[in-house]
Amino acid sequence: MLLAAVMVLLAGCGGGVGGDATTATEPTTDATDATTTADGESANQSGNAAERTSVTFNETWDQRYRAGQYYRYDIESRSIDGTATYEWEVVSATDDEVTVRTKLVTPNGTTEQTVTAPPDEVYGELAGTPSGSVATLGFDSPYYNGVDGETLSVGDSWESSGPNGTVSFEVEALSTYAGLECAAFVVRTNGSVFWESCVTPESPLPGYVAFYEVEGDDTPAFEMELVEYRAGN
């Protein structure tokens, strides 16, 4: 499972339920006003929620790599003692070749990796390393199939069937992390939250990700929040 692999690698640098990919049906509910942020505070109080109530994906994710594109996350995980940080930076980018630098810092050590590859092979080059496994929480994760091509409006919800039962998606808010505006949605299996994320078609990596290890848990086993972001050229 994806979460288990990430947590093991994080612990090694110093698990969980991921599941198989699912295909979602069309959203069926109408949009409502965005009133809460990812952490549950009201939009007026926190300033994290966006003024718009939907994110339009125009049938595709914008996964273009741009020179200078930069992300830094704070990571909380049961497998580490304290907070880890993760960086993803596009050093250079053309239509044919991309150079990406990743860096994962935990209380027990640091791993850094730079890869150069065609755009569609970057994740594969990073696979099997701590920094690469964290990178799969971007749009290489199978759960983004559930929102691919949709217009995400606050209040939208839909379901799909998977090997572990019914998987449901619900858009709860529009939020902003480090200046990146995104649609915050929750994925539930058999009624229990097991995955949260905040996504936008303008970015190949999310603003926020959380996994829950056991059905019914109140706190995530893994949480990753964007704290610094540059869109690049």
Side-chain angles (χ1 to χ4, degrees), residues 1-22 24 36-40 71-88 102 104-107 111 123 126-148 152 157-160 162-173 175 177 180 182-200 203-227:
M1 300 297 183
L2 177 60
L3 172 59
V6 171
M7 291 178 69
V8 167
L9 285 166
L10 280 171
C13 180
V17 178
D20 296 325
T22 59
T36 59
T37 65
D39 57 9
Y71 302 78
R72 182 169 62 86
Y73 295 88
D74 282 346
I75 296 175
E76 300 284 345
S77 172
R78 293 176 184 173
S79 64
I80 60 174
D81 182 15
T83 299
T85 61
Y86 177 68
E87 296 178 55
W88 167 285
T102 63
L104 178 64
V105 180
T106 76
T111 62
Y123 284 120
L126 291 169
T129 68
S131 58
S133 293
V134 175
T136 62
L137 297 174
F139 290 137
D140 201 44
S141 168
Y143 291 108
Y144 287 99
N145 292 340
V147 295
D148 192 18
L152 299 184
S157 62
W158 61 98
E159 293 185 348
S160 61
N164 298 321
T166 300
V167 179
S168 66
F169 294 74
E170 182 176 3
V171 182
E172 295 193 335
S175 299
Y177 293 90
L180 180 69
C182 51
F185 69 97
V186 174
V187 183
R188 294 178 173 87
T189 298
N190 302 322
S192 293
V193 176
F194 75 94
W195 192 57
E196 297 178 76
S197 192
C198 196
V199 300
T200 170
S203 167
L205 293 178
Y208 177 81
V209 170
F211 286 96
Y212 295 78
E213 191 170 16
V214 179
E215 288 188 12
D217 277 357
D218 293 327
T219 58
F222 177 91
E223 189 173 25
M224 188 168 82
E225 180 175 341
L226 183 65
V227 294

Next item on the list: Give me the one residue out of T102, L226, V227 that meets side-chain contact (heavy atoms from CB on, under 4.5 Å) with Y71.
Entry: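 The residue from T102, L226, V227 that satisfies side-chain contact (heavy atoms from CB on, under 4.5 Å) with Y71 turns out to be L226.
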From [atom1] ([X]) to [atom2] ([Y]), nearest 0.5 Å:
X: Y208; Y: S197; atom1: OH; atom2: OG; answer: 9.5 Å
X: M224; Y: L205; atom1: CE; atom2: CG; answer: 7.0 Å
X: C182; Y: Y177; atom1: SG; atom2: OH; answer: 6.0 Å
X: E196; Y: E170; atom1: CD; atom2: CD; answer: 11.0 Å

Next item on the list: Under the side chain to side chain contact (heavy atoms under 4.5 Å, CB included) rule, what do F194 and D217 come out as? Steps first, then yes or no, please.
Entry: CA-CA 8 Å; F194 75 94; D217 277 357; over 6 Å; no
Item checked: Pair L180-T200, side chain to side chain contact (heavy atoms under 4.5 Å, CB included): steps then yes or no -> CA-CA 8 Å; L180 180 69; T200 170; 3.7 Å; yes
Kindly indicate whether the side chain of [X], heavy atoms from C-beta on, has any atom under 4.5 Å from the side chain of [Y].
X: T85; Y: D74; value: yes
X: F211; Y: P220; value: no
X: C198; Y: P206; value: no
X: V186; Y: R188; value: yes
X: I75; Y: L104; value: yes

Notebook entry, point to check: How far apart are the C-alpha atoms of R78 and F222, what are their side-chain angles, what is the distance that settles it, and do they pass the side chain to side chain contact (heavy atoms under 4.5 Å, CB included) test?
Noted result: CA-CA 7 Å; R78 293 176 184 173; F222 177 91; over 6 Å; no
Checklist line | Test log, rule side chain to side chain contact (heavy atoms under 4.5 Å, CB included), inputs L126 and W88 | finding: CA-CA 12 Å; L126 291 169; W88 167 285; 3.6 Å; yes
Margin query: Do T83 and E76 pair up side chain to side chain, a donor and an acceptor below 3.5 Å, judged on atom types alone?
Written below: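 Yes, a side-chain donor-acceptor pair sits under 3.5 Å.
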Next item on the list: Check the side chains of Y73 and E87 for a donor-acceptor pair under 3.5 angstrom, ignoring hydrogens and angles.
Entry: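 Distance-only check fails for E87 and Y73.
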Next item on the list: Indicate yes or no for a side-chain donor-acceptor contact from S157 to the backbone of F169 under 3.5 Å, with no hydrogens or angles considered.
Entry: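 Judged by distance alone, no pair lies under 3.5 Å.
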Note to self: Aromatic contact between F185 and W195, with the criterion being ring centroids under 6.0 Å apart: yes or no?
What the structure shows: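 Yes, ring centres under 6.0 Å apart.
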Note to self: If you compare all heavy atoms of S168 against all heavy atoms of E159, which two are closest, and at what distance to 0.1 Å?
What the structure shows: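 Heavy atoms only, the tightest pair is CB-CG, 3.8 Å.
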